Structure formats: structure tokens, C-alpha cells
Amino acid sequence: MHAECNKQNHSKSKTGKKLSFWGAKIMTELQRQIILLVLAGKKNIEIAEELGYCENWVAKNLKKIYDCFKVNNRASFIREFLINYKNCDL
């Protein structure tokens, strides 16, 4: 697991509450939204437009998400998520 995934003060939602998914892995609310949009088949530019950020910001956050899931790309992330986390409550 990537070191950043375990930082307790790393991830807070807009309300300041920490969001915990998949045990010890901590994600921000925006990263959770990115995951949902990736799983819905959205491209980085579409995610950026929907969330009101630039495409580069989305790419950087996707890299953090990929690191947490120990994958290197979108296809591997989707496969990993569907195999191991499909019953998670996002």
C-alpha cells in the first residue's frame, strides 16, 4: 500500500470528515467521486469538467488512486475494483 493511503490527516471531505474505504485506505471525497466517474466510463477531461477542475488535477489524483490500489493504469484499476471491491459501498 502506498504510504499516502495511510496518512490519517491526508484525506478529508468538504465537511472536514475523514472518509475511510477498504479498511485502512483513506480517500478524499473528491477521489471517491473520481472513482465513481471512472467506473461510469468517463474520460479525464469529462471528469475534470464535471468536478470543476483541470484535467491535470484529475490525472494527478488518479495516480494517487492507482498507487493505493497497486495498479498502473485505468484498465487495471477497473479490473481490480470489479474483482475485489465490487460490493463496497461508495
Side-chain angles (χ1 to χ4, degrees):
M1 184 182 326
H2 191 270
E4 190 163 21
C5 300
N6 278 330
K7 289 183 181 176
Q8 291 300 313
N9 61 359
H10 162 68
S11 302
K12 294 185 179 181
S13 69
K14 291 177 185 175
T15 61
K17 294 182 181 176
K18 290 179 231 168
L19 302 171
S20 180
F21 302 102
W22 313 295
K25 294 179 181 177
I26 306 294
M27 295 271 171
T28 66
E29 173 62 22
L30 285 170
Q31 287 171 332
R32 185 190 71 83
Q33 290 176 8
I34 291 170
I35 289 170
L36 291 173
L37 292 168
V38 166
L39 294 173
K42 301 281 186 177
K43 297 178 181 178
N44 286 6
I45 189 68
E46 296 169 314
I47 295 169
E49 289 171 358
E50 187 161 331
L51 297 179
Y53 289 87
C54 69
E55 187 175 0
N56 191 38
W57 179 89
V58 172
K60 286 179 183 179
N61 274 275
L62 272 174
K63 171 72 171 110
K64 291 177 185 178
I65 292 167
Y66 296 163
D67 287 349
C68 288
F69 281 85
K70 298 181 182 176
V71 296
N72 296 317
N73 58 53
R74 188 182 231 95
S76 296
F77 165 73
I78 292 169
R79 183 178 59 245
E80 174 73 12
F81 187 91
L82 293 176
I83 291 171
N84 295 306
Y85 302 97
K86 64 182 174 186
N87 295 322
C88 281
D89 183 23
L90 284 178

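Quick caveat: nothing in here was measured; it's all calculated off a predicted structure.
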Might you work through the side chain to side chain contact (heavy atoms under 4.5 Å, CB included) test for Lys42 and Leu36, ending with a clear yes or no? CA-CA 9 Å; Lys42 301 281 186 177; Leu36 291 173; over 6 Å; no
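Between Tyr66 and Phe77, the ring planes lie tilted relative to each other; the angle falls in the 30° to 60° range.
Atom CG of Asn73 and atom CZ of Arg79 lie 7.5 Å apart (nearest 0.5 Å). In this structure, the separation between CD on Glu55 and CD1 on Ile45 is 4.0 Å, given to the nearest 0.5 Å. Put simply, CD1 on Ile35 and CD1 on Ile47 are 10.5 Å apart, with the number rounded to the nearest 0.5 Å. Atom NZ in Lys60 sits 7.5 Å away from atom SG in Cys54 (nearest 0.5 Å). Between atom CG of residue Leu82 and atom CG of residue Leu39 there is a gap of 6.5 Å, rounded to the nearest 0.5 Å.
With a 4.5 Å cut-off on side-chain heavy atoms, Phe81 and Val71 do not count as touching. Counting heavy atoms from C-beta on, the side chains of Leu30 and Trp57 come closer than 4.5 Å. Taking 4.5 Å as the limit, every side-chain heavy atom of Val38 sits out of range of all side-chain heavy atoms of Ile65.
Under the salt bridge (Lys or Arg N to Asp or Glu O under 4.0 Å) rule, Asp67 has a single partner from Lys64, Lys63, Lys70, which is Lys63.
A donor-acceptor contact under 3.5 angstrom links the side chains of Gln31 and Asn61, judged on distance only.
Panel note: side chain Glu46, backbone Lys43; a donor-acceptor pair is recorded below 3.5 Å.
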